[in-house]
Amino acid sequence: MEVILRDKIREAVKVLYNSDVSDELIQVQETKKDFRGDFTLVVFPLLRFSKNTPEKTGESIGEYLIKNFEAISKFNVIKGFLNLEVSGSWWLDYFINTASADDLIDKCRVPVPGTILVEYSSPNTNKPLHLGHIRNNLLGFSIYRILASCGHNVIKTNIVNDRGIHICKSMLAWQKFGNGETPETSRMKGDHLVGKYYVLFEKECKVQIESLLNSGMEENDARNSAPMMKEAREMLLKWEAGDREVVDLWKKMNSWVYAGFDETYNKLGVDFDKIYYESETYKHGKKIVQDALNKNILYQKEDTSIWADMTDEGLDQKLLLRSDGTAVYMTQDLGTAVDRYNEYRFDRNIYVVGNEQNYHFHVLKALLKKMGYQWSDGLFHFSYGMVELPEGKMKSREGIVVDADDLISEMIETAREVSLELGKLADFTPEEKNEIFRKIGLGALKYFILKVDPKKNMTFNPTESIDFNGNTGPFIQYTYARIKSVFRKAEQSEINENLSLLQGMHPGEKEIGLIRIFSKFPEAMTAAAEGYSPALVANYCYELAREYNQFYHDFSILGETEERVRNLRLAISRVTGEILFKGMWMLGIEMPERM
RNA sequence: GGUUCCGUAGCUCAGUUGGAUAGAGCAACAGCCUUCUAAGCUGUGGGUCGAGCGUUCGAGUCGCUCCGGAAUCACCA
C-alpha cells in the first residue's frame with residue numbers, strides 16, 4: 001500500500017508543481033492514533049516545490065489523491081500533516097487477496113535465496129548452560145527460522161569449545177576429589193557434574209593462591225605458580241601430546257557434558273545441522289597460520305610466537321600461535337571459518353556471540369581478508385547484549401549464575417501453579433496438562449528474552465518471576481487459545497467460514513484496524529530478517545494480540561446474526577490466529593490449543 | 001588511558017530514514033464475568049527522554065562537550 005501511495009504522491013507533485021521529487025522527500029508514515037486517517041504525508045519537505053503554506057500544499061495534494069487514487073476516500077490537514085484515509089473497501093479487497101498468514105509470508109520471499117550459516121550456542125564443556133546461553137540459543141534459533149521463512153537456505157551450526165585449560169581444570173578436580181563419581185552414581189546431569197568440579201577447582205585454587213599471596217608473592221606469580229594451576233597446565237600439555245589416560249578421561253567427561261547439553265537443547269527446542277569441535281578445527285587453524293607466515297602475511301617474534309600486524313586497519317598486534325606452538329582462540333576460529341567455507345560456500349556466515357567479543361570478530365574478519373579470503377565479507381557478527389542480574393554481571397566462576405535447567409523447570413512450575421489456580425483444564429489428562437504447562441512456561445521465558453532488542457543488555461531479576469500478564473508470551477498464547485476456542489464452538493454449531501460472502505461489504509472500524517495490522521506483518525518480518533531482530537516479530541505479535549483482544553471483547557463473533565459480518569469476523573479471527581502462530585513459531589514458541 | 005556500546009515513567013521495555021500531544025506492560029488505584037476462555041477489557045495517576053550546547057521549519061533520534069554505567073584492549077575463551 002505504502003509503495004503505491006508514494007508513487008501517487010510523486011505523481012501529484014509532478015502534476016501540481018511540475019517537479020520531480022526524490023524518494024526521501026516523500027515521507028509517508030502511519031497516522032498517529034489521536035488523528036483520523038491511515039497514512040500521513042509530512043508535507044514540509046515538499047514546500048520548496050509548492051511554494052505555498054503547509055496547509056494549502058496538503059489540501060492540494062489531498063484533493064489530487066481523492067480524484068486520482070480510488071483507495072483514498074478522505075483526507076484532513078493538520079498543520080503540516082496530510083492525513084489520508086484509505087477506504088474500507090480497499091482494505092477489504094486487500095484482505096480478500098491475502099486472507100492467510102502464508103499469503104503474507106510469501107511477500108517476504110527474497111528473490112535470490114542465499115546460503116547462510118548461523119553459528120550459535122558455542123558452549124564450553126566445563127560447565128552447564130546458563131541464562132546467557134539461553135539468550136544466545138533463542139536468538140540463534142529464531143534468526144534461523146526468520147531467515148528460512150524468507151526463503152534462504154539456512155544451516156544451523158554449533159562450535160563446541162571442547163579443548164583447553166578450562167576442561168583440564170574440571171578433569172583435574174575430578175581426579176583429585178571425585179572418587180570415581182559419575183552421572184549415574186551421583187544422579188546428576190553430566191554437565192552439572194562436570195561444572196561442580198570446575199567450581200571446586202576454582203575454589204581450591206583460590207585457597208592456594210591466597211596462601212601464596214600471604215607469603216608475599218606478587219598476584220600474577222601467585223596465580224601462575226599455584227600447584228593446582230601448574231597441574232592443570234601439565235594436563236593440557238599431556239592432552240595435546242595425546243596422552244592416553246588424559247585423552248580417555250577427556251572423552252569420558254565430555255561425553256557426560258554432551259548428554260547434559262542435549263537434554264537442555266531438547267527442552268529449549270533448539271537443534272543443529274552441523275556441530276564443529278574446536279579439538280578438530282584448531283589443527284587446521286595452526287596450518288593456516290603457518291601458511292600465512294610462509295607468505296609473509298604474518299611475522300614471527302624471536303621467541304617463535306606468531307603474530308599478525310593489524311595496525312594498518314587501526315587494530316593491534318594479534319597473537320595467533322603461542323611460543324610453545326599451541327593455539328589460541330583466534331587460531332581455531334580461523335580454522336573453523338575456512339572449514340565452513342570449504343564445506344558450504346556460504347554467502348553469509350553469522351556468528352551469534354555476545355558483544356563482549358566485538359573486537360575479536362572485528363579482527364577475525366579483517367584477518368581473513370588480509371590472508372586473501374575474499375569471502376570474509378560474508379562474515380557477520382550478530383552481537384547481542386549481556387543478560388545481567390540486578391546486582392550486575394553473572395559470574396560463572398563464582399557460581400553466581402542463573403542455571404538454564406533450573407530456570408526452565410521453575411518457569412514450567414510457575415505455569416503449572418498459575419494454570420491450576422485458574423482451573424480451566426479440568427478435563428485434561430495429566431500428560432496433556434503437563435504439555436500445556438511446558439508450552440506456557442517456555443513461552444513466557446522465550447518471549448521475555450526475545451522481545452528485547454538483541455543489541456541491548458537486559459536485566460533479569462530472579463526473585464520476581466517472569467510475568468504471565470500483559471506483554472508476555474502467555475498473553476499471546478492465550479489470545480491464540482481463545483481463537484481456537486471460537487472455532488471449536490463454530491464447528492459444533494456447524495458454522496463455516498465463507499470468504500465469497502465478503503465481496504462488497506463494509507467492514508467496521510475495528511475490523512479494518514485488524515486488517516491494517518495484518519498488512520504490517522510482512523514489513524515486521526522483513527525488518528526482523530534484515531536487522532537481525534526477533535524482537536520486531538515479538539512486538540508485532542503483541543500489537544496484533546492486543547488489538548484482537550479488544551475486538552474480541554467489544555464484538556460477538558459467533559453471536560453475530562448477520563451472516564456476512566459473522567463471516568468477516570471469523571475470517572479475521574482465523575488470520576489473526578494464523579499470524580500469531582507463525583510469528584511465535586519464528587521465535588520458537590509453541591502455541592497451546594487450550595489453556 | 002585508547003576504542004566501542006548504553007542512559008526513555010518507581011521497575012522491565014517499545015519508539016522505523018529526524019515529524020504532530022514520547023508509548024506499552026508490571027506495580028498502585030477505580031470499574032467490567034448469566035455471553036465466543038477475566039492469563040482478558042476499560043479508566044486514573046505517573047516523564048526536564050542523564051546534563052548542556054549546536055544543526056534544523058522540526059531532535060528521544062544527528063553532531064560536539066560533560067556526567068553516569070558497561071564491554072574490550074591477554075601467550076584467557
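Quick caveat, the model's predicted, so the values are computed rather than measured. Chain letters run A, B, ... following the sequence lines, proteins first, then strands; residues in each count from 1.
- Legend: residues meeting ring pair (Phe, Tyr, Trp, His ring centres under 6.0 Å) with A:H130, ordered by chain and number and at least two apart, are A:H133.
- Side-chain contact annotation: A:E547 with A:Y542, donor-acceptor N/O pair under 3.5 Å absent.
- Judged by distance alone, the side chains of A:N161 and A:Y277 never bring a donor and an acceptor atom under 3.5 Å apart.
- With a glycosidic angle more than 90° from 0, B:rC64 adopts the anti conformation.
- Contacts of A:F261 classified as ring pair (Phe, Tyr, Trp, His ring centres under 6.0 Å), with partners at least two apart in sequence or in another chain: none.
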Subject >> B/S/- contact track for nucleotides 26-37 of chain B, protein heavy atom under 4.0 Å >> reply: S---------BB

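- The strand RNA chain B forms stems, runs of 3 or more Watson-Crick or G-U wobble pairs with distances below 3.5 Å, at B:1-7 with B:67-73, B:10-13 with B:23-26, B:28-32 with B:40-44, B:50-54 with B:62-66.
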**OP:** Evaluate salt bridge (charged side-chain N to carboxylate O under 4.0 Å, His left out) for A:R10 paired with A:D23, printing each intermediate quantity in order.
**Re:** CA-CA 8 Å; A:R10 195 195 325 278; A:D23 219 41; 3.3 Å; yes

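- If you check every strand for non-hydrogen atoms under 4.0 Å, A:L315 touches nothing.
- Between the side chains of A:N126 and A:S170, no donor N or O sits under 3.5 Å from an acceptor N or O.
- Residue A:N355 comes nearest to A:N457 through the heavy atom pair ND2-OD1, 3.6 Å, listed as atom of the first residue, atom of the second, then distance.
- Using a 4.0 Å heavy-atom cutoff across all strands shown, A:D324 reaches no nucleic acid atom at all.
- Counting only N and O atoms by type, the side chains of A:N549 and A:R482 include a donor and acceptor under 3.5 Å apart.
- At the heavy-atom level, A:Q357 lies under 4.0 Å from base atoms of the strands shown.
- Comparing B:rC41, B:rU72, B:rC13 against the side chain of A:M458 picks out B:rC13 as the nearest.
- Nucleic acid contact class of A:E24 (heavy atoms, under 4.0 Å, all strands): none.
- A donor-acceptor contact closer than 3.5 angstrom is absent between the side chains of A:N254 and A:D162.
- At a threshold of 4.0 angstrom between heavy atoms, the contacts of A:S419 include nucleobase atoms, whether or not backbone atoms are also involved.
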What does the list of N/O pairs under 3.5 Å between the protein and nucleotides 18-23 of chain B look like, with a distance for each?
residue: B:rG19; atom: N7; partner: A:Q27; partner atom: OE1; Å: 2.7
residue: B:rA20; atom: OP2; partner: A:K32; partner atom: NZ; Å: 2.8
residue: B:rA20; atom: N6; partner: A:T40; partner atom: OG1; Å: 2.9
residue: B:rA20; atom: N6; partner: A:N83; partner atom: OD1; Å: 2.9
residue: B:rA20; atom: N1; partner: A:N83; partner atom: OD1; Å: 3.3
residue: B:rA20; atom: N1; partner: A:N83; partner atom: ND2; Å: 3.4

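- Annotation: B:rU42 and B:rC33 have their C1' atoms spaced 14 Å apart (nearest Å).
- Of the possible donor and acceptor atoms, none in the side chain of A:R135 sits under 3.5 Å from a partner among the backbone N and O of A:V387.
- Counted by atom type alone, A:Y548 and A:S573 present one or more donor-acceptor pairs between their side chains at under 3.5 Å.
- Taking 4.0 Å as the cut-off between side-chain N and carboxylate O, A:E562 and A:R566 do not count as a salt-bridged pair.
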Tabulate atom names and distances for all N/O pairs under 3.5 angstrom spanning the protein and nucleotides 1-11 of chain B.
residue: B:rG7; atom: OP1; partner: A:K456; partner atom: NZ; Å: 3.4

